[in-house]
Novice: 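First, the structure itself, so that you have it in front of you.
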Amino acid sequence: MLGVAEFEEQYFCGPLYLSDEDRTLYQHLGNQPIFTLGTLARALLNPFKARREMKEMGERMKARKIEGNMVGDGLVKGGVLCIAPSGEIKHTFYEDPGKGIPQEAQ
């Protein structure tokens, strides 16, 4: 299982900040739940697509040697903020659960 240091080394080109006790990152990203009535309805209307997307997500995680765990807040959408040394937010990526980060955003 990847630790924070290995994750940062393999997936980030700069420092990775994980301390956010006040949850300001989630507030900036909209503090949106992953599961809504809309996502549940889409999964129920097309269970084969939902199953395929879950399988693809598992395969991506396995290929990158990322193991899931049940620690943390997995029910709130997250994202990535690219912050300049001046504190200016240069780029914001909003999580789309199970989709990963598009190549053009990396």
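Treat the numbers as computed from the prediction; the structure is a model and nothing was measured.
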Novice: So Thr92 and Leu29, do their side chains get closer than 4.5 Å, heavy atoms only?
Specialist: yes
Novice: CD/Glu53 to CZ/Arg42 distance, rounded to the nearest 0.5 angstrom?
Specialist: 9.5 Å
Novice: Using side-chain heavy atoms (C-beta onward) and a distance below 4.5 Å, is Thr36 in contact with Leu40?
Specialist: no
Novice: Measure the CZ-CE distance between Arg51 and Met54 for me, rounded to the nearest 0.5 Å.
Specialist: 8.5 Å
Novice: Report the distance from atom CG of Asn46 to atom CZ of Phe48, rounding to the nearest 0.5 Å.
Specialist: 8.5 Å
Novice: Please test Glu88 against Lys90 for salt bridge (charged side-chain N to carboxylate O under 4.0 Å, His left out), starting from the C-alpha separation and ending with a verdict.
Specialist: CA-CA 6 Å; Glu88 177 187 0; Lys90 294 290 192 175; 3.5 Å; yes
Novice: I'd like to know whether His28 forms a side chain to side chain contact (heavy atoms under 4.5 Å, CB included) with Ile89, so could you lay out the CA-CA distance, the side-chain angles of the two residues, the decisive distance to 0.1 Å, and finally the verdict.
Specialist: CA-CA 11 Å; His28 177 76; Ile89 297 174; 3.7 Å; yes
